[in-house]
Amino acid sequence: MKKFLALALFACISCHSFALSVGAMADSAYNKENYREAIDLYLQSIATEGKSSTAYYNLGNAYFRNDNLGKAVVYYERALRLDPTNADARQNLDFVRSRIQDRPEDDTPFFSTIHHKVISSFAPNTWAWLTFILFVVLVGAAALYLFSHNIALRKTGFFGGIVLMCVFVYTLLVSFDAATISQSHESAVVIVPNTQLSSAPRASRTSSDKVVTIHEGTKVEIVDSVATPDDPISPQWFEVKINNGTRAWLRAVDVERI
């Protein structure tokens, strides 16, 4: 039994050391400008060590250096999904976006933009803890109002409770939205040099078909999908929107979900 446990422990230590060595080899390949090798090793490291914002950030850097702008955007976005406070990933994402050929106009309403900036100020788990702490403080304010015999303290508990209730409700909403966004896979990025937006889920057949070309790195939101078994290139098409008004179809194989 002791021998079995010793072998199991040795195996765990060996696996952990192997994972660390893969990460170190990936960093070494990146520093030597062997970016294709670094990509393969970072992917292997993620498979053995697990997902992390730093791992996705490093992989995004390797893809960018390998001139795969679409893949770089995917992994910077994934890094920010796990940790919205990753300033390096956000800065690099903004830089890559500045080099993308297509830059759709952002027609998101002003208050929605502010709301998303608030969401991205903390990780989802942090928002959950803040919501819990606010709830505890809110209960304390309610108890102060209900059980205190001091008029000033009762007023503090009452009016403070109203303010805390408003903040708590909004924080609860932000916490829910942050968790939903972190688990959502409805956003995707074009990973091929260019693809076509079509008015129907099929390749252009006639001149009457409306076709618009978009390029690598463009971010889209998937709103629907349809199976196309007769399409030899892509057995599935996505209906996507680029901004709040533009909707069209493109091949699923041309994009990768974030």
Side-chain angles (χ1 to χ4, degrees), residues 26-27 29-40 42-43 46 51-123 177-178 181-182 184-197 211-223 238 240-248 250-258:
D27 292 337
Y30 182 88
N31 292 331
K32 292 177 182 178
E33 300 184 1
N34 298 326
Y35 301 122
R36 184 64 257 178
E37 180 184 356
I39 289 169
D40 294 336
Y42 279 132
L43 287 170
I46 291 171
K51 304 173 183 177
S52 72
S53 181
T54 299
Y56 282 152
Y57 166 72
N58 289 336
L59 186 52
N61 288 341
Y63 273 121
F64 172 71
R65 293 295 185 180
N66 199 52
D67 292 326
N68 301 121
L69 297 187
K71 287 281 193 175
V73 171
V74 168
Y75 282 96
Y76 287 144
E77 290 274 10
R78 288 179 180 175
L80 291 169
R81 285 277 181 93
L82 294 180
D83 181 12
T85 64
N86 189 333
D88 291 333
R90 190 169 299 281
Q91 180 178 359
N92 285 12
L93 176 60
D94 290 340
F95 176 74
V96 172
R97 281 176 172 166
S98 70
R99 301 188 57 179
I100 292 172
Q101 187 169 345
D102 301 318
R103 302 181 194 175
E105 182 180 352
D106 185 5
D107 56 359
T108 305
F110 174 75
F111 288 108
S112 293
T113 301
I114 297 298
H115 180 62
H116 281 91
K117 286 184 178 180
V118 172
I119 292 173
S120 63
S121 60
F122 295 112
D177 287 347
I181 291 173
S182 68
S184 173
H185 297 287
E186 300 310 309
S187 298
V189 176
V190 177
I191 58 172
V192 294
N194 59 74
T195 187
Q196 291 184 334
L197 294 176
V211 174
V212 176
T213 300
I214 59 174
H215 300 84
E216 184 177 11
T218 304
K219 185 177 178 181
V220 299
E221 296 294 323
I222 300 171
V223 296
F238 290 147
V240 302
K241 61 179 181 179
I242 297 180
N243 50 40
N244 291 332
T246 304
R247 293 175 66 155
L250 54 69
R251 288 191 174 102
V253 295
D254 293 341
V255 298
E256 182 170 343
R257 292 177 184 266
I258 295 174

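We number each residue from 1, following the sequence as shown.
E37 meets the side-chain contact (heavy atoms from CB on, under 4.5 Å) test with A29, N34, L41; sequence neighbours excluded. A search for salt bridge (Lys or Arg N to Asp or Glu O under 4.0 Å) contacts involving D40 returns R36, not counting sequence neighbours. Looking at residues two or more places apart in sequence or on another chain, you find no side chain to side chain donor-acceptor pair (under 3.5 Å) involving R251.
Note on ring orientation: taking the six-membered ring where Trp is involved, the planes of F95 and F64 are perpendicular (angle over 60°, cut-offs 30° and 60°).
Atom CD1 of I258 sits about 11.0 Å away from atom CD of E186, to the nearest 0.5 Å. In this structure, NE2 on H115 lies 10.5 Å from OG on S120, to the nearest 0.5 angstrom. Note that OH of Y76 is 9.5 Å distant from CG of D88, once rounded to the nearest 0.5 Å. Annotation: the span from L250 atom CG to T195 atom OG1 amounts to 5.5 Å, rounded to 0.5 Å. A distance of 13.5 Å separates OH in Y56 from CG in D83, rounded to the nearest 0.5 Å.
Remark: aromatic rings of Y35 and Y30 are close, center separation under 6.0 Å.
Of the residues R90, K71, K219, the one that meets the salt bridge (Lys or Arg N to Asp or Glu O under 4.0 Å) test with E77 is K219. Only one option out of V220, V240, T213 pairs with L197 in a side chain to side chain contact (heavy atoms under 4.5 Å, CB included); it is V240.
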Go through the steps to decide whether I191 and N68 satisfy the test side-chain contact (heavy atoms from CB on, under 4.5 Å), and finish with yes or no.
CA-CA 8 Å; I191 58 172; N68 301 121; over 6 Å; no
Chi angles and distances behind the side-chain contact (heavy atoms from CB on, under 4.5 Å) call for I181, R81:
CA-CA 8 Å; I181 291 173; R81 285 277 181 93; 4.0 Å; yes
Under the side-chain contact (heavy atoms from CB on, under 4.5 Å) rule, what do N194 and Q101 come out as? Steps first, then yes or no, please.
CA-CA 10 Å; N194 59 74; Q101 187 169 345; over 6 Å; no
Determine, stepwise, if the pair V189 / V255 fulfils side-chain contact (heavy atoms from CB on, under 4.5 Å).
CA-CA 5 Å; V189 176; V255 298; over 6 Å; no
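Counted within 6.0 Å of CD on Q91, heavy atoms from surrounding residues, nucleotides or ligands total 12 or fewer; the atom is thus considered open.
Taking both residues in full, the closest heavy atoms of G217 and I100 are given as O-CD1, 3.3 Å, listed atom of the first, atom of the second, then distance.
Side-chain contact between D27 and Y42: present, with at least one pair of heavy atoms (C-beta onward) separated by less than 4.5 Å.
In this structure, the side chain of E216 engages the main chain of G70 through a donor-acceptor pair within 3.5 Å.
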